[in-house]
Number of protein chains: 2
Amino acid sequence: MSVTRVLSALAEPVRLSAIRIIWDGGEHCVCELMQRLNATQSRMSRHMGVLKAAGLVVDRRDAQWVRYRRNPDLPQDIVRIVDAVLAAMDKPGKIAA
Amino acid sequence: MSVTRVLSALAEPVRLSAIRIIWDGGEHCVCELMQRLNATQSRMSRHMGVLKAAGLVVDRRDAQWVRYRRNPDLPQDIVRIVDAVLAAMDKPGKIAA
DNA sequence: TTTTGATATGCGCTTATGCGCATACTATCG
DNA sequence: CGATAGTATGCGCATAAGCGCATATCAAAA
């Protein structure tokens, strides 16, 4: 769980938007994310792979879907980073992602 | 002042370490930073340029030196991101940068 | 004005990142 | 089993990032 790794993972618009969606605590399949973020399948899948490798999310097979959700074991210091980033994104003057 | 831009700027070990040093509120010349971070002159200079372009730091000419310091006009939401990142860096189990 | 110290920058190179395309893999359904 | 839906991945390509080297710039000092 490297800080730099986490920052790199967050420093990409599609991934950051995905985190924002996933941060609702629920589970989200790739098909949902790719539609909502207007990304191709392989693009979305790879971005989720990066987020997973960074330790930010975990996945689960559910029939033909793979459900991604926030990593429940994420250290507090990392959670604070993500929360701060998401909060900053919501401020006026900041374009989404 | 884009969130993604800030995250990219922070997502590099030398730059992150530089931010940590600069976040003491004081002014620091490139020569000091390059020594403390064990970087070459051009490397350090370029990294500082990235941090400056991201809006995290400002610089000032002082004789033959250029003094970098924390951008005093940094929006609160961005400050919170940096603070959270630096806090996470200091935790055990996280290698510097 | 020449020299010296500090910093920035053009250039070329190497590596990393992001992407689409096609294809493989996994699981359900008929 | 064959067809279908969702997801991952190998491959090649284009672009960006990071680096060192040499050189330019800028200001003080001799």
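Per chain, numbering begins at 1; letters A, B, ... match sequence-line order.
- Judged by distance alone with a 3.5 Å cut-off, no donor-acceptor contact links the side chain of A:Arg67 to the base of D:dG6.
- Atom-to-atom, CG of A:Asp62 to P of D:dG6 comes out at 13 Å; the value is rounded to the nearest Å.
- Between the side chain of B:Gln41 and the base of C:dA8, a donor-acceptor pair under 3.5 Å is found.
- Distance B:Met48 CE to C:dT7 P: 11 Å, rounded to the nearest Å.
- Here the side chain of A:Glu12 is nearest to one of D:dC19, C:dC19, C:dT7, namely C:dC19.
- Rounded to a whole Å, the CE atom of A:Met34 is 18 Å from the P atom of C:dG18.
- Straight-line distance from the CZ atom of B:Arg60 to the P atom of C:dT7: 12 Å, rounded to whole Å.
- The side chain of B:Ser45 has C:dT9 as its nearest neighbour among C:dT9, D:dC19, C:dG18.
- As a whole-Å value, the separation of B:Gln64 CD from C:dT3 P is 18 Å.
- Heavy-atom minimum distance, A:Gly55 versus A:Leu74: O-CD1, 3.2 Å.
- With respect to B:Asp83 and A:Arg80, no salt bridge is recorded, no charged nitrogen being found less than 4.0 Å from a carboxylate O.
- To the nearest 0.5 Å, atom CG of residue A:Asp62 and atom SG of residue A:Cys29 are 9.5 Å apart.
- Residue A:Leu51 contributes atom CG, which lies 15 Å from atom C1' of D:dA8 at whole-angstrom precision.
- The side chain of A:Tyr68 places no N or O atom within less than 4.0 Å of a non-bridging phosphate oxygen (OP1 or OP2) of D:dG6.
- For D:dG20, the base has a donor-acceptor partner in the side chain of B:Arg46 [N/O atoms by modelled type, under 3.5 angstrom].
- Of the candidate nucleotides C:dC21, D:dG18, C:dA6, D:dG18 has the atom lying nearest to any side-chain atom of B:His47.
- Under 4.0 Å is where a charged nitrogen must lie from a carboxylate oxygen, and between A:Arg70 and A:Asp24 no such pair does.
- Counting any heavy atom pair closer than 4.0 Å across all strands shown, B:Thr40 reaches sugar-phosphate atoms only and no base atom.
- Here D:dC26 presents its P atom at 14 Å from CG of B:Asp59, a figure rounded to the nearest Å.
- A salt bridge links B:Lys52 with B:Asp59: at least one charged nitrogen is closer than 4.0 Å to a carboxylate oxygen.
- Atom CZ in A:Arg43 sits about 16 Å away from atom P in D:dA8, given to the nearest Å.
- Where A:Arg61 and A:Ser42 meet DNA chain C, the nucleotide closest to each residue was compared, and A:Ser42 sits on the side nearer the 5' end.
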